[in-house]
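Just the heavy atoms: all of them, side chains too, but no hydrogens, waters or symmetry mates, feed the values below. The first residue in the sequence is number 1, and the count goes up from there.
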Amino acid sequence: MSGKWNNGNLYMTRDVSDVSHIFTISFLMLICLVVVVYKLNMLLAKRKTTFRNMEAFSGPPGHWLFGHVLEFKQDGTELFKIVQWGKLYPYAFPLWFGPFVCFLNIHHPDYVKTILTSTEPKDDFAYRFIESWIGEGLLVSKGQKWFRHRRLLTPGFHYDVLKPYVKLMSDSAKTMLAKWESYTKTNESFELFQHVSLMTLDSILKCAFSYSSNCQTEGGTNTYIKAVYELSDLINLRFRMFPYHNDLIFYLSPHGFRYRKARHVSRIHTEEVIRKRKEALKNETELERVQVKRNLDFLDILLFAKDEDQQGLSDEDIRAEVDTFMFEGHDTTASGLSFILYCLACHPEHQKLCREEIIEVLDGKDTFEWEDLSKIPYTTMCIKECLRLYPPVPGMSRKITKPLTFFDGRTLPEGCHVGTSVFGIHRNANVWENPDVFDPLRFLPENVSERSPHAFVPFSAGPRFVHT
């Protein structure tokens with residue numbers, strides 16, 4: 001804008017460039033407004049469709065904006081809230097996470113059977129947060145890729161491969177117990193889960209990748225171990241903080257920076273482990289020849305896997321499966337073991353019976369063998385009861401790709417999210433008598449035979465059970 005004098009008056013004029021600049025800004029603002037209005041209409045249409053899809057299922061009233069989020073106080077009572085609602089709404093009820101995302105939460109074996117016996121993929125809401133780390137491994141892959149990978153990896157779970165793991169796990173447990181021994185000489189308390197988590201991480205590294213990390217004694221200094229724990233913590237944080245559900249907001253945040261840095265460390269380590277194993281196996285052509293020389297591990301299976309067209313897994317696929325088993329193989333196991341120890345500590349009478357049974361089977365030995373695992377029925381029942389009360393994975397979710405009809409005739413159309421509350425099933429009073437009571441005798445064979453096989457699903461069930 002400029003000015004000039006004419007007959008004693010000042011006249012202001014606009015330069016062409018100023019007018020063009022204002023027009024451009026106005027046009028961009030208009031475009032943004034149109035996009036926002038379009039997106040909002042799309043979301044409102046989605047909300048209306050979701051309400052229509054869920055109209056057959058009644059549920060607890062929710063806030064118009066926050067849904068049921070405000071009901072979850074993040075104080076350790078969230079899972080019990082699900083159980084409480086389950087008493088009011090048999091079989092299933094809708095749960096809203098904000099104004100647009102809704103899951104049908106199911107908590108009865110007859111409903112669970114319908115979804116778990118299907119091959120419907122994991123949902124694209126929660127599991128996407130972990131995909132940028134572990135890639136499209138068995139946990140999150142779907143369709144033909146999932147079927148192919150599952151078929152190629154099945155040999156990794158053969159008894160002949162698993163049996164040698166017993167000694168490796170035992171060695172890891174001994175290292176942990178040696179650390180605990182020092183606490184018996186003092187009154188110092190310690191966080192048990194951290195020790196158990198390092199022990200399970202040590203075990204999965206040894207069993208699946210023949211890698212001795214010394215993480216139980218060097219857990220605070222090993223950069224890879226630190227990266228794995230930081231990634232686990234940050235994924236959990238992102239899931240709980242709704243602004244972080246937006247990729248851009250999380251990317252620009254300090255937590256997003258830490259996540260990318262830890263992921264880089266993890267990937268470099270994983271790729272190096274794979275590279276070294278490939279180098280060691282470059283002159284081998286048959287898995288059987290490797291097995292003659294040493295015990296096979298999961299990484300051997302991955303590298304030798306071939307489909308009917310003699311095509312193996314790509315480097316990216318191998319890295320994804322390694323990272324998947326690293327994450328899933330230690331974290332949930334540590335949670336399960338920690339709660340088993342907690343339950344036995346709370347019920348010393350059952351702990352005493354387990355100890356006596358185990359001492360009898362060991363008969364002077366200090367290590368269990370594969371054959372001994374079938375000789376501890378009471379301990380096994382106690383373990384199952386602990387997993388019932390505190391399942392390591394308290395819930396899982398799927399996004400259905402076709403209409404799903406439950407046993408009572410109610411139907412969900414394709415595109416809906418279904419959340420399976422394992423915690424809710426295991427404490428369903430219509431399935432379990434006195435569900436909050438610790439009673440290992442529930443798992444006597446005669447009692448098990450009277451229940452639905454989908455009443456107890458701590459590790460899921462059906463064709464996708466390997467990787468819940």
Side-chain angles (χ1 to χ4, degrees), residues 74 76 79 129-130 133-134 137 139 165-184 188-240 255 258-259 261-263 265-267 269-270 273 297-298 321-346 368 383 386-387 389-396 422-423 458-459 467-468:
Q74 296 191 18
L79 296 175
F129 301 145
I130 198 175
W133 171 24
I134 65 173
L139 180 66
Y165 294 172
V166 174
K167 184 182 185 308
L168 297 175
M169 293 178 183
S170 178
D171 290 342
S172 295
K174 286 179 181 178
T175 301
M176 179 182 71
L177 293 175
K179 291 165 62 181
W180 289 3
E181 190 72 28
S182 63
Y183 289 101
T184 64
E188 183 183 356
S189 62
F190 63 95
E191 171 53 58
L192 180 142
F193 177 77
Q194 295 175 359
H195 289 253
V196 176
S197 184
L198 283 172
M199 184 272 291
T200 58
L201 186 57
D202 189 24
S203 295
I204 193 69
L205 285 167
K206 288 177 181 175
C207 296
F209 312 114
S210 300
Y211 178 72
S212 296
S213 66
N214 299 316
C215 65
Q216 294 199 72
T217 54
E218 302 175 5
T221 58
N222 187 302
T223 55
Y224 175 64
I225 304 304
K226 289 168 65 178
V228 168
Y229 278 103
E230 183 152 35
L231 287 167
S232 301
D233 290 341
L234 290 170
I235 288 169
N236 183 47
L237 174 71
R238 187 179 183 188
F239 180 76
R240 290 186 289 108
H255 291 113
R258 284 172 51 200
Y259 177 83
K261 183 178 179 181
R263 183 182 62 184
V265 172
S266 170
R267 284 187 172 177
H269 177 274
T270 301
V273 169
D297 62 23
F298 181 67
E321 298 301 352
V322 168
D323 285 338
T324 294
F325 274 78
M326 273 301 308
F327 173 69
E328 286 292 294
H330 92 272
D331 190 64
T332 53
T333 310
S335 176
L337 286 171
S338 296
F339 274 114
I340 289 169
L341 294 172
Y342 167 76
C343 286
L344 292 178
C346 292
F368 255 66
I383 291 172
C386 296
L387 293 173
L389 288 169
Y390 302 101
V393 181
M396 46 203 166
V422 178
F423 192 87
F459 306 110
H467 47 283
T468 54

Practice prompt. Evaluate the criterion side chain to side chain contact (heavy atoms under 4.5 Å, CB included) for residue pair V265 and E230; output intermediate values, then yes/no.
Written response: CA-CA 11 Å; V265 172; E230 183 152 35; over 6 Å; no
| Neighbour count above 12 (heavy atom, 6.0 Å) for K167 NZ |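 Atom NZ in K167 is not packed in, count stays at 12 or less.
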For the CZ atom on F368, are there more than 12 heavy atoms of other groups (residues, nucleotides or ligands in this structure) within a distance under 6.0 Å?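 More than 12 heavy atoms, drawn from other residues, nucleotides or ligands, come within 6.0 Å of this atom.
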Do D297 and S210 pass the side chain to side chain donor-acceptor pair (under 3.5 Å) test, and can you show the C-alpha distance, the side-chain angles, and the key distance before you say yes or no?
CA-CA 7 Å; D297 62 23; S210 300; 2.6 Å; yes
### Task
Provide the closest heavy-atom pair for G336 versus P392 in the form atom of the first, atom of the second, distance.
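Minimum heavy-atom contact is CA-CG, 3.8 Å.
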Inset, instruction - Quick one: closest heavy-atom pair of F325 and I204, and the distance? - result: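 It is O-CG1, 3.8 Å.
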So [Y] and [X], do their side chains get closer than 4.5 Å, heavy atoms only?
X    : Y    : answer
F459 : V422 : no
C207 : F298 : no
L192 : L341 : yes

May I ask you to decide if [Y]'s main-chain N or O and [X]'s side chain share a donor-acceptor pair within less than 3.5 Å?
X    : Y    : answer
S170 : V166 : no
T175 : D171 : yes
Q216 : S172 : yes
S266 : A262 : no

What's the separation between atom [atom1] in [X] and atom [atom2] in [Y], rounded to the nearest 0.5 Å?
X    : Y    : atom1 : atom2 : value
I130 : S232 : CD1   : OG    : 7.5 Å
T200 : L205 : OG1   : CG    : 9.5 Å
H255 : D233 : NE2   : CG    : 10.0 Å
F190 : W180 : CZ    : CH2   : 5.5 Å
H330 : D202 : NE2   : CG    : 11.5 Å
K179 : L177 : NZ    : CG    : 10.5 Å

Requested in this report: For S338, check side-chain hydrogen bond (donor to acceptor under 3.5 Å, both in side chains) against everything at least two apart and list the hits.
Outcome: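 Scan of S338 (side-chain hydrogen bond (donor to acceptor under 3.5 Å, both in side chains), adjacent residues dropped) gives none.
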Q) By ring-ring contact (aromatic ring centres under 6.0 Å, His included), which residues pair with H269, not counting sequence neighbours? A)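 H269 satisfies ring-ring contact (aromatic ring centres under 6.0 Å, His included) with Y211, Y224 only.
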Aromatic rings F339 and Y390: how do their planes relate, parallel, tilted or perpendicular, breaks at 30° and 60°?
->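 Answer is parallel, since the angle falls under 30°.
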*asked:* Between Y259 and W133 (judged by ring centroids, cut-off 6.0 Å), do the two rings come close enough to count as a pair?
replied: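 For Y259 and W133, the ring centres are not under 6.0 Å apart.
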Sequence-distant partners of K261, salt bridge (Lys or Arg N to Asp or Glu O under 4.0 Å), two or more places apart =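 Residues passing salt bridge (Lys or Arg N to Asp or Glu O under 4.0 Å) with K261: none at all.
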